[in-house]
*Asks:* 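Handing you a structure now.
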Amino acid sequence: MNTGVEAGDSAIKLARRYGIRVRGIPRPTILFAKGNFWGRSIAACASSDDPDRYRDFGPFDGLNFKLIEYNSPSALKQALVEDPSVVAYMLEPIQGEKGIVIPDQDYLKECDKILKEHGALMICDEVQTGVGRTGKLMCS
């Protein structure tokens, strides 16, 4: 892979394959945190809540992407309960597009626990927070 957006696109493809092959879901849904930014591919645009990122690039119907509040385990749990086709949640451990947004200390652990309870995957976009940028090799 050459870029972070390719890593995100590949993670989505793997999550969909997991949903289809392992969970038997013919049309898997992927959740994304609101306020995300992970690139400018069609998938990245479709997963954004920023009109400057998605305006005039749609329609995005059929991708089965849904946005939920960042730093809200209850929003994640609600989305999983309401839609059994959810196979993954993609988020940045620390958001950086609209300023630095650091979640509550236990947010990632809570997300991981909730996702495991529902057989869904957690995709952490570490392009901005990995490789020691937060003082550790990986932020998550």
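Atoms considered below: every heavy atom in the structure, side chains included; atoms not considered: hydrogens, waters and symmetry mates.
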*Asks:* What's the shortest heavy-atom distance between Ile25 and Pro84, and which atoms?
*Replies:* CD1-O, 3.6 Å
*Asks:* Check this for me: does any side-chain nitrogen of one of Lys13 and Asp9 sit under 4.0 Å from a carboxylate oxygen of the other?
*Replies:* no
*Asks:* Distance from Cys45 atom SG to Phe57 atom CZ, nearest 0.5 Å?
*Replies:* 5.5 Å
*Asks:* Is any side-chain heavy atom of Arg40 closer than 4.5 Å to a side-chain heavy atom of Val5?
*Replies:* no
*Asks:* Take Ile12 and Met90 through the side chain to side chain contact (heavy atoms under 4.5 Å, CB included) test and state the conclusion after the steps.
*Replies:* CA-CA 8 Å; Ile12 292 166; Met90 184 167 164; 4.2 Å; yes
*Asks:* Is the backbone N or O of Lys34 less than 3.5 Å from a side-chain atom of Gln95, with the two atoms forming a donor-acceptor pair by type?
*Replies:* yes
*Asks:* Assert yes or no for the condition that the ring centre distance of Tyr89 to Phe32 is strictly below 6.0 Å.
*Replies:* no
*Asks:* Can a donor-acceptor pair be found between the side chains of Asp50 and Ser48 at a distance below 3.5 Å?
*Replies:* no
*Asks:* Are Phe65 and Tyr54 linked, directly or through intermediate hydrophobic residues, by side-chain heavy-atom contacts shorter than 4.5 Å (ILVMFWY only)?
*Replies:* yes
*Asks:* Show the nearest heavy-atom pair for residues Pro93 and Leu108, with the distance to one decimal.
*Replies:* CB-CD1, 3.9 Å
*Asks:* Hey, is CD on Gln105 packed in by over 12 heavy atoms from elsewhere, all under 6.0 Å?
*Replies:* no
*Asks:* Can you list the steps and then say if Asn64 with Ile30 is a side chain to side chain contact (heavy atoms under 4.5 Å, CB included)?
*Replies:* CA-CA 6 Å; Asn64 289 1; Ile30 311 287; over 6 Å; no
*Asks:* Which value, rounded to the nearest 0.5 Å, describes the distance between Asn71 atom CG and Glu110 atom CD?
*Replies:* 9.0 Å
*Asks:* I'd like to know if the side chain of Arg53 and the backbone of Ala44 have a donor-acceptor N/O pair within less than 3.5 Å.
*Replies:* no
*Asks:* Looking at every non-hydrogen atom in both residues, tell me the closest pair between Ala15 and Ala88 and how far apart they are.
*Replies:* CB-CB, 3.7 Å
*Asks:* Might you work through the side chain to side chain contact (heavy atoms under 4.5 Å, CB included) test for Ile123 and Leu14, ending with a clear yes or no?
*Replies:* CA-CA 10 Å; Ile123 302 168; Leu14 289 170; over 6 Å; no
*Asks:* Hydrophobic clustering (ILVMFWY, side-chain heavy atoms < 4.5 Å, transitive) - are Val87 and Leu121 grouped together?
*Replies:* yes
*Asks:* Rounded to the nearest 0.5 Å, how far apart are CG of Leu63 and CD1 of Ile42?
*Replies:* 8.5 Å
*Asks:* Considering only heavy atoms from C-beta outward, does the side chain of Trp38 approach that of Ser47 to under 4.5 Å?
*Replies:* yes
*Asks:* Looking at every non-hydrogen atom in both residues, tell me the closest pair between Pro103 and Tyr107 and how far apart they are.
*Replies:* CB-CD2, 3.5 Å
*Asks:* Do other residues, nucleotides or ligands put more than 12 heavy atoms under 6.0 Å from Arg17 CZ?
*Replies:* no
*Asks:* Distance from Leu67 atom CG to Asn36 atom CG, nearest 0.5 Å?
*Replies:* 6.5 Å
*Asks:* Out of curiosity, Leu76 CG to Lys113 NZ, how far, rounded to the nearest 0.5 Å?
*Replies:* 12.0 Å
*Asks:* Closer than 3.5 angstrom, by distance alone: can the side chain of Asp125 be matched with the main-chain N or O of Leu91 as a donor-acceptor pair?
*Replies:* no
*Asks:* Between Asp83 and Val86, is the side chain to side chain contact (heavy atoms under 4.5 Å, CB included) condition met? List the steps.
*Replies:* CA-CA 6 Å; Asp83 186 351; Val86 171; 3.9 Å; yes
*Asks:* Rounded to the nearest 0.5 Å, what's the gap from CG on Asp112 to CD1 on Ile114? Could you check?
*Replies:* 9.5 Å
*Asks:* Evaluate the side-chain proximity of His118 to Val81: yes if any heavy-atom separation is below 4.5 Å, no if none is.
*Replies:* yes
*Asks:* Consider only side-chain heavy atoms of I, L, V, M, F, W and Y, link residues closer than 4.5 Å, and tell whether Met122 and Val101 are in one cluster.
*Replies:* yes
*Asks:* What's the shortest heavy-atom distance between Pro28 and Ile20, and which atoms?
*Replies:* CG-CG1, 3.8 Å
